[in-house]
Amino acid sequence: MQIKLKDGTVKEYGQAISVYDIAKDISDGLARAACAGCIDGEIVDLRTEISKDCELNIITADSPEGLKVIRHTASHVMAQAVKRLFPQAKIAIGPAIEDGFYYDFDSEPFSREDLDKIEAEMKKIIKEGHAVTRFTLPREEAAAFMKEREEPYKVELIEDLPKGSEISFYDQGGFVDLCAGPHLMSVKGIKAYKLISSSMAYWRGDEHKAQLQRIYATAFNKKDELAAYLEHLEDIKKRDHNKLGREMELFTTVDVVGQGLPLFAPKGTKMIMKLQRWIEDLEDNEWGYVRTRTPLMAKSDLYKISGHWDHYKEGMFVLGDEETDKEVFALRPMTCPFQYYVYKNTQKSYRDLPYRMSETSTLFRSEDSGEMHGLTRVRQFTISEGHLVIRPDQAEEELTACLNLTNYVLATLGLQEDVTYRLSKWDPDNREKYLGDEQYWESAQGALRKILAEQNLPFVEADGEAAFYGPKIDIQAKNVYGKEDTMVTIQLDCAIAENFDMYYIDENGEKIRPYIIHRTSLGCYERTLAWLIEKYAGRFPTWLCPEQVRVLPISDKYNAYAAKVEAELKKNGIDAAVDGRSEKIGFKIRAARLDKLPYMLVVGQQEEADGTVSVRSRFAGNEGVQPLGEFIDKICREIRTKEIRTELPEEEKAK
């Protein structure tokens, strides 16, 4: 039997041998570091025996695959600790995830004190040093085994597997869990772990099923790696838009208003207004769009024509009952069918295309309550929505232009480096979900794939992520917790014009169906604001700041001059305010720094006499005394060009 190792070395054995024994045969050090094996591409336990020729890679703790095995075993140790401390708790599922692991329990909510107790119990279990052993049972015996242990969620998982299946379990010191593995050979291999938080979760992610308690945790091979990760988590908490946005008085939510319906305070409102005005001017004046304004709701008839009633009704807020009401309305989840009738308002010829319509659209979607989060997942939101009605021969040029516009917007905001690109395709195994045939989808997907390739943009492809009427280029970004959301989308639609009898007159006088591009240039303003809060930790580029300059008189005697400076700043379109409180100047400077302001102008006797200001900034600390007019010219140029200045380190700002 020949075993080919990762480095090309071939080991020969005369009888079956375990992955662990092969690792030990190579070196004792490798055996100590080993977590699992990879046999012909499949991750397996170290205890797995090899009895035929294969390729083998020994997986160690310093690899992502090895870390996943450590975390998976740690999740079982955590479940064992919970069962010891809370015997009535029922175990559900406990996988390793990107940054750690979690386990779901049918239990009372866990407090921070409970988590600390569970951590301590985990330490005891690891010290006990139980071996982790695997055994299997036929499906029917496995279900009976878990029924005896009164674990209904495990029974349900087993009964969902095919009849005749052989079910694997892992045992560690009497705690047995249904699991496919792989796992460490002993719990002693868990060296550094931390329980992070707990929250509610639905069984199998279904809000109609049981509410469970999920404990999030992480584990690393070394304690210093865990310490670095926990420090990273502290930074995340400082950047979390849900927390920071409230602290900065940008937005809030109120139970009596409703979940997913944020209220924007003056500062947050001003930031969204700046973004909105910029995008509208950009689209209308530089990229050839016409602006529309359409209703926030429509009769169900409109959505039946568009296909949304059949394909998207469960995600809409419907007003009325089709069985009892003469007319049923729904709040709009998108603007496209409205803009189609703007296009149809006058007859168009081939010379009128492309006809690019854009609208700052407020939309409504009935998101599940469990999905709500800050500004990233809401039920009412506003987007920079647009629809381009084009000739088929214009598709490549216009799609490329849409992508270029979006990338320009992202680059201006300093966000382009944070995104990934996804070609979202149909699912050919679920054809009833989509309009059009296989040829239509392959052609449309091919057009988008070609554009991404020509732009040299790395991208992934995802089946089943397309809209029901066409494929999409989705531009994705992750929040501080690693959850990925779609920030911007560009969709090619070659089918929907038929539903609305949309056409243009070609050069031969014939009626031709146009193609339609659905796109956003910025995406959802609420989600973008959340992204910006987390990206900049509240220290926004100057042009976006709701307060760009604060004037700080060193005493009450100079409040009048401070007011004069403020008035001159505002006259030049600069968002400014005066801190006229009877406080020491050091206090005012600290307050301005805590408010993350880009500029402070300190004024006193000398500044008043000379018509100057003493400039302090986030970017260079003390920038010295400058004539007021000179400062205004500089900041106006910074705002106009939307410059993103490099931040001075915190210790330098404090000097």
Side-chain angles (χ1 to χ4, degrees), residues 1-81 94-97 100-101 122-137 142 166-193 218-223 225-226:
M1 179 176 64
Q2 292 189 332
I3 311 296
K4 185 177 180 181
L5 303 178
K6 185 179 180 181
D7 64 359
T9 303
V10 175
K11 289 275 190 179
E12 293 190 0
Y13 299 96
Q15 58 186 17
I17 185 170
S18 71
V19 175
Y20 176 77
D21 286 335
I22 293 173
K24 191 170 179 60
D25 183 41
I26 296 170
S27 77
D28 288 340
L30 180 60
R32 285 193 298 271
C35 292
C38 182
I39 301 174
D40 292 334
E42 181 184 358
I43 308 294
V44 299
D45 286 325
L46 288 172
R47 58 186 71 76
T48 301
E49 289 206 337
I50 300 175
S51 58
K52 62 180 181 178
D53 294 353
C54 66
E55 292 186 3
L56 172 66
N57 178 25
I58 306 297
I59 294 172
T60 55
D62 58 359
S63 69
E65 296 86 357
L67 192 56
K68 186 175 181 180
V69 174
I70 290 171
R71 289 168 172 172
H72 196 175
T73 305
S75 76
H76 281 218
V77 173
M78 182 171 75
Q80 184 177 8
I97 55 177
F101 59 92
M122 289 175 68
K123 185 176 182 179
K124 291 180 185 177
I125 293 169
I126 294 167
K127 192 173 182 180
E128 290 165 10
H130 303 292
V132 182
T133 58
R134 180 179 182 271
F135 66 92
T136 63
L137 291 172
E166 193 75 9
I167 311 300
S168 67
F169 294 86
Y170 283 82
D171 184 318
Q172 56 195 48
F175 173 78
V176 179
D177 201 354
L178 167 74
C179 187
H183 283 283
L184 300 175
M185 296 184 72
S186 165
V187 298
K188 286 182 178 180
I190 302 167
K191 301 171 183 176
Y193 58 93
T218 194
F220 287 87
N221 185 45
K222 298 178 181 177
K223 290 184 178 180
E225 293 172 348
L226 174 62

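Residue numbers count from 1 along this sequence.
Annotation: side-chain contact (heavy atoms from CB on, under 4.5 Å) contacts of T136 (sequence neighbours excluded): R134, E166, S168. Annotation: side-chain contact (heavy atoms from CB on, under 4.5 Å) contacts of I126 (sequence neighbours excluded): V77, I190, Y193. K11 pairs by the salt bridge (Lys or Arg N to Asp or Glu O under 4.0 Å) definition with D25, not counting sequence neighbours.
Annotation for R47 and L184: closest pair NH2-O, 3.0 Å, computed over non-hydrogen atoms. Nearest heavy-atom pair, T218 versus G100, reported as atom, atom and distance to 0.1 Å: OG1-CA, 3.5 Å. The minimum heavy-atom distance linking P182 with I43 is given by the pair CG-CG2, 3.5 Å. Contact between A36 and V69 at its shortest, heavy atoms only, is CB-CG2, 4.0 Å. Residues D171 and G173 share a closest heavy-atom pair of OD1-N, 3.4 Å. Between K191 and K223, the closest heavy-atom pair is O-CE, 3.8 Å.
Residue pairs meeting the salt bridge (charged side-chain N to carboxylate O under 4.0 Å, His left out) criterion with at least one partner in residues 60-77, sequence neighbours excluded, do not occur; the list is empty. Within the structure, every pair that satisfies the ring-ring contact (aromatic ring centres under 6.0 Å, His included) test and touches residues 172-192, not counting sequence neighbours, is listed here: H72-H183, H76-H183, Y170-H183. Among residues at least two apart or in separate chains, there is no ring-ring contact (aromatic ring centres under 6.0 Å, His included) pair with a member in residues 20-43.
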**Asked** Under the side-chain contact (heavy atoms from CB on, under 4.5 Å) criterion, do D45 and V19 qualify, and how do the steps go?
**Response** CA-CA 8 Å; D45 286 325; V19 175; over 6 Å; no
**Request:** Kindly indicate, with the supporting measurements, whether the criterion side-chain contact (heavy atoms from CB on, under 4.5 Å) is fulfilled by I3 and C54.
**Result:** CA-CA 5 Å; I3 311 296; C54 66; 3.8 Å; yes
**Message:** For M1 and D53: C-alpha separation, side-chain torsions, deciding distance, then whether side-chain contact (heavy atoms from CB on, under 4.5 Å) applies.
**Reply:** CA-CA 5 Å; M1 179 176 64; D53 294 353; 3.9 Å; yes
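Taking SG from C38 and CG from L56, the interatomic distance works out to 8.0 Å, rounded to the nearest 0.5 Å. N221 contributes atom CG, which lies 11.5 Å from atom CG of L226 (distance to the nearest 0.5 angstrom). For the atom pair CD1 of I22 and CD1 of I17, the computed distance is 5.0 Å after rounding to the nearest 0.5 Å.
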